[in-house]
Asker: 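Below you will find the structure I want to go over with you.
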Amino acid sequence: MSGMDLPSQLSPLENEAAEVVLDDARKELVTRQEDIDLGKVRNIGIAAHIDAGKTTTTERILFYTGRTHRIGEVDAGSATMDWMIQEKERGITITSAVTTTKWREHIINVIDTPGHVDFTVEVERSLRVLDGMVAVFCAVGGVQPQSETVWRQADRYKVPRIVYVNKMDRTGANFMGVVDKIIERFGVKAVPCQIPVGAEAEFQGMVDLISMQARIYLDDLGQKYEDGPIPQDLVEQAQELREQMVAEAAEGSDELTEKFLEEGDLSPEEIRRGLRLRCIKNEIVPVFCGSSFRNKGVQFLLDAIVDYLPSPLEIPEIHALDAEDRPIVRHGLVEEPLAALVFKIATDPFVGKLAFVRVYSGVLRTGSAVLNSIKGKRERIGRLVRMHADHREDVLELHAGELGGVLGLKLSTTGDTLCDEKNPIKLENITFPDPVISVAIEPKSKADQERMGVALGKLADEDPTFRTSTNAETGQTMIAGMGELHLDIIVDRLLREFQVGANVGRPQVAYKEAIRKTVKAEGRFVRQTGGRGQFGHVWLEVSPLEPGSGFQFETKVVGGTVPKEYFKAVEQGCREAAQCGVLAGFPVVDVKATLFDGSYHEVDSSELAFKVAGSMAFQEALHLNECYIKEPIMKVDIEVPDAYLGDVIGDINGRRGKIENLEAGSNGIQSLKAVAPLAEMFGYTTALRNLSQGRGTASMEFGYYAEVPKNIQDQIIYRITGRMPKE
């Protein structure tokens, strides 16, 4: 037990004495936290397509705000925010990293999120707790596939955002082209607040449309610059875009509209106020530009974060549920009862389980007892920390609107609510997609076997899209995730972090089974022994549902033929039976089971008997039905030079894929949108490189489940069961 922990069960007198001791320890450990002005807090995320420059931008933010004294580089493996070994080696962000910094007397909590689609869960849970987002776009690539996914996630949580068009120094950079694409793809009002001075190798700085001044950078660190008049060739464009920007700002309030109609212009402060009001309401998206790698434009971006993104006081009130599941509203105020959401779990080899939390109301204090309202259990707050990537800074308390880490939680997992024991509340949970790919994994030695179970449990705690299971027939341990890279990283972490040696099988697709028609089936379970027997009897109607509906259960029993106390047992039996279909043992989805009749025995009937009867009836319904196998279909986004387009289309068609859209991009690059079965897409990135002499790129994300062609279905059944399907 650390000096900051208290035992979970203490008498009131012991508790009081321990609090005094703890208070002394706190004073030694940390200075008293100053009162935080919530109006000067910004909780923001930086999100984009892979390789758009999110981590590089975050590194520059840390440097210019004085948080770091050297500039970290992703390519050199020295980026502060990419702290995992796997991140340094691969030059990509895998896990979202949290840090706190200051700019213009404002506290900015920054989350740098991954761009690769396999780690989209990290973006999902980050956006759930953030107040604003910086969407980074590449000035050459524009609106890329994963940036569309991120934008949709931000829409789901109604997160206000600003756009930063990065890499203006790259060949093919086109600022207004990216702005037009954002308007076209997302249907939003993108409002440029800057325009670049030059582009590609000639990129020198930017014109601030509010002050109508040009900033020209004079050194490679971006610290020496000159503000002066706008270059003559940009004056006309700057005036036109400024008029549009002022017109948008004027709609921020009646007062601003009135002044604009009377005078035809607004002061710089009024423009910023109007843009801020509209940005927070998600009516407009301010757009900025720069080159983070060349250290140009990041100070303007920091100003924009402070000027346009909301503070915790400006987000809408929190709608949640109380202990009786009735709607309740909380406001982001320190004076209200505690409500905090656990949005991420990390396993630290030195301090154990670290829970990342967002405090929505009240104050979370070191040593206090809180209620986990989802689990219905009491938790003790051991230590509170502010995060800086993988470094921690102890604090006494986290106020409403703050992000931080909690050490000492034993039961809490991602999505749980921590609240005041006297004022229970359940915040909206985070939804995560099901895994689409799995591999068999086995330990290399007896010692590895003991460690592997513990390690897999910790990794599953951290990542809700990672699942482990045991194959009932073979006894193999199966691990499932969102893609090949996802599972590669998991296996790599097993070896390095947990010292578990393991052999990994070939990737397996997560197939599902479904039914075509509605059937009625009987389940009758009767066991008579010397004493009390077992009796359960049910009739089920099993029918297909719309794709994506999962499993549903309903009761339509008339006349008490099956007592209500057995309904739950029947449902449980059906759900368990649905885990193993009759074709090849895959889970059965998009199905509804309706209990409509049955019978019971006053003495011999039990929950167990009805559970077994429900399972038997469901399995019988599957045997009577026409079942088929469904497979995951991936959305594939490909960028390839013109010269290789025909070969790439032919390859996709050969993989049972279908081209849905073809769009000509800049510099002779073609953008394809296709759908293809996951089973045919393993190793596709390597195949595409070979087809295009290393010049093609692709990204995939799960789209939907679709029926497998009959000949492929027969092959799957034979491979799994060893029997050929009946004609």
Side-chain angles (χ1 to χ4, degrees), residues 132 134-135 137 139 142-143 151 160-166 168 173-199 202-217 225-291 296-297 299-310:
V134 178
F137 290 85
V143 180
W151 198 276
R161 67 216 79 159
I162 59 177
V163 163
Y164 177 61
V165 180
N166 191 24
M168 281 303 305
N174 183 347
F175 175 71
M176 288 311 297
V178 177
V179 173
D180 292 341
K181 275 285 180 204
I182 290 169
I183 294 168
E184 178 194 325
R185 290 278 179 88
F186 304 135
V188 297
K189 283 185 178 175
V191 180
C193 297
Q194 293 174 340
I195 54 172
V197 177
E202 301 301 314
F203 178 62
Q204 300 170 279
M206 59 282 300
V207 174
D208 177 13
L209 297 178
I210 295 179
S211 66
M212 288 300 272
Q213 290 270 303
R215 175 166 292 183
I216 306 299
Y217 288 90
Y225 52 81
E226 275 183 2
D227 289 340
I230 301 170
Q232 202 57 42
D233 59 329
L234 292 174
V235 170
E236 191 178 331
Q237 183 192 15
Q239 286 175 341
E240 183 184 332
L241 288 173
R242 187 181 195 278
E243 285 171 14
Q244 294 173 14
M245 178 188 70
V246 174
E248 294 294 347
E251 293 184 34
S253 70
D254 292 342
E255 176 195 341
L256 292 174
T257 305
E258 196 174 313
K259 182 177 178 186
F260 177 67
L261 291 173
E262 283 177 6
E263 300 179 17
D265 201 0
L266 300 173
S267 69
E269 292 73 25
E270 289 167 336
I271 295 170
R272 291 190 186 96
R273 189 166 82 242
L275 292 175
R276 177 184 183 79
L277 289 167
R278 299 202 67 201
C279 179
I280 290 171
K281 292 177 188 170
N282 268 315
E283 293 173 354
I284 62 162
V285 180
V287 185
F288 302 85
C289 66
S291 168
K296 295 172 182 173
Q299 294 101 323
F300 271 126
L301 179 62
L302 280 162
D303 285 337
I305 289 167
V306 168
D307 289 340
Y308 304 121
L309 292 178

Asker: How long is the gap from CD1 on I230 to CE on M206, to the nearest 0.5 Å?
Answerer: 13.5 Å

Asker: To the nearest 0.5 Å, how far apart are CD1 in I195 and CG in L234?
Answerer: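 Here the interatomic distance stands at 5.0 Å.
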
Asker: Between T257 and D254, does any side-chain donor sit less than 3.5 Å from a side-chain acceptor?
Answerer: no

Asker: Run C289 and Y164 through side-chain contact (heavy atoms from CB on, under 4.5 Å) and show every step you take.
Answerer: CA-CA 5 Å; C289 66; Y164 177 61; 5.8 Å; no

Asker: Please state whether the rings of W151 and F137 are parallel, tilted or perpendicular, taking 30° and 60° as the class boundaries.
Answerer: tilted

Asker: Within the structure provided, determine whether V163 and V134 are in side-chain contact (heavy-atom separation under 4.5 Å).
Answerer: no

Asker: By the salt bridge (charged side-chain N to carboxylate O under 4.0 Å, His left out) test, which pairs, at least two apart or in different chains, include something from residues 228-237?
Answerer: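 Passing the test, one end in residues 228-237: no pairs.
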
Asker: Any side-chain heavy atom of M245 within less than 4.5 Å of one from P192?
Answerer: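 With C-beta onward as the side chain, the pair stays apart.
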
Asker: Would you list the pairs meeting salt bridge (charged side-chain N to carboxylate O under 4.0 Å, His left out) in which at least one residue belongs to residues 237-247, sequence neighbours left out?
Answerer: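 Residue pairs with at least one partner in residues 237-247: R242-D265.
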
Asker: Mind checking the CG-CG spacing from D208 to D227? Nearest 0.5 Å is all I need.
Answerer: 8.5 Å

Asker: Would you indicate whether Q213, at its atom CD, is surrounded by more than 12 heavy atoms from other residues, nucleotides or ligands within a distance under 6.0 Å?
Answerer: yes

Asker: So, taking the atom named CD in E263 and the one named CD in E258, what distance separates them when rounded to the nearest 0.5 Å?
Answerer: 10.5 Å

Asker: Within 45° of the six-membered ring axis of Y308 and under 6.0 Å from that ring's centre, is NZ or CZ of R272 located there?
Answerer: no

Asker: Taking all atoms of both residues into account, what is the closest heavy-atom pair of V207 and A238, and its distance?
Answerer: CG1-CB, 4.4 Å

Asker: With a 4.0 Å cut-off, would you call K259 and E270 a salt bridge?
Answerer: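 Between E270 and K259 there is a salt bridge, with a charged N closer than 4.0 Å to a carboxylate O.
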
Asker: Of all heavy-atom pairs between V178 and G142, which one has the smallest distance, and what is that distance?
Answerer: CG2-CA, 4.0 Å

Asker: Please find the pair of heavy atoms, one from F203 and one from G198, that lie closest to each other, and give the distance.
Answerer: CD1-O, 3.5 Å

Asker: Can you find a heavy atom in the side chain of R215 that is under 4.5 Å from one in the side chain of F300?
Answerer: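 Heavy-atom side-chain distance check passes, below 4.5 Å.
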
Asker: Taking the side chain as C-beta and beyond, is there a heavy-atom pair between D180 and E184 under 4.5 Å?
Answerer: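 No - every pair of side-chain heavy atoms lies 4.5 Å or more apart.
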
Asker: Taking side-chain contact (heavy atoms from CB on, under 4.5 Å) as the criterion, tell me which of E202, M168, M176, K296 meets it with P196.
Answerer: M168

Asker: Side chains of residues 276-287: which donor-acceptor pairs under 3.5 Å do they make with residues two or more places apart or in other chains?
Answerer:
{"from": "R276", "atom 1": "NE", "to": "E314", "atom 2": "OE2", "distance (Å)": "3.3"}
{"from": "R276", "atom 1": "NH1", "to": "V306", "atom 2": "O", "distance (Å)": "3.2"}
{"from": "R276", "atom 1": "NH1", "to": "D307", "atom 2": "O", "distance (Å)": "2.8"}
{"from": "R276", "atom 1": "NH1", "to": "L309", "atom 2": "O", "distance (Å)": "3.2"}
{"from": "R276", "atom 1": "NH2", "to": "L309", "atom 2": "O", "distance (Å)": "3.4"}
{"from": "R276", "atom 1": "NH2", "to": "E314", "atom 2": "OE1", "distance (Å)": "2.5"}
{"from": "R276", "atom 1": "NH2", "to": "E314", "atom 2": "OE2", "distance (Å)": "3.3"}
{"from": "R278", "atom 1": "NE", "to": "E283", "atom 2": "OE1", "distance (Å)": "3.0"}
{"from": "R278", "atom 1": "NH1", "to": "E248", "atom 2": "O", "distance (Å)": "3.1"}
{"from": "R278", "atom 1": "NH1", "to": "E248", "atom 2": "OE1", "distance (Å)": "2.5"}
{"from": "N282", "atom 1": "ND2", "to": "K158", "atom 2": "O", "distance (Å)": "3.2"}

Asker: Identify the two heavy atoms, one from A173 and one from A199, that lie closest to each other, and give their separation to 0.1 Å.
Answerer: O-CB, 4.3 Å

Asker: To the nearest 0.5 angstrom, please state how far the CD1 atom of I271 sits from the SG atom of C193.
Answerer: 9.0 Å

Asker: Do the non-hydrogen side-chain atoms of Y225 and I216 ever get within less than 4.5 Å of each other?
Answerer: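 They are not in side-chain contact.
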
Asker: I'd like to know if the side chain of Y217 reaches the main chain of G297, judged simply by a donor and an acceptor atom lying under 3.5 Å from each other, with no hydrogens or angles considered.
Answerer: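 Side chain of Y217 to backbone of G297: a pair is present.
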
Asker: Step by step, work out the side-chain contact (heavy atoms from CB on, under 4.5 Å) result for Q244 and V191.
Answerer: CA-CA 8 Å; Q244 294 173 14; V191 180; over 6 Å; no

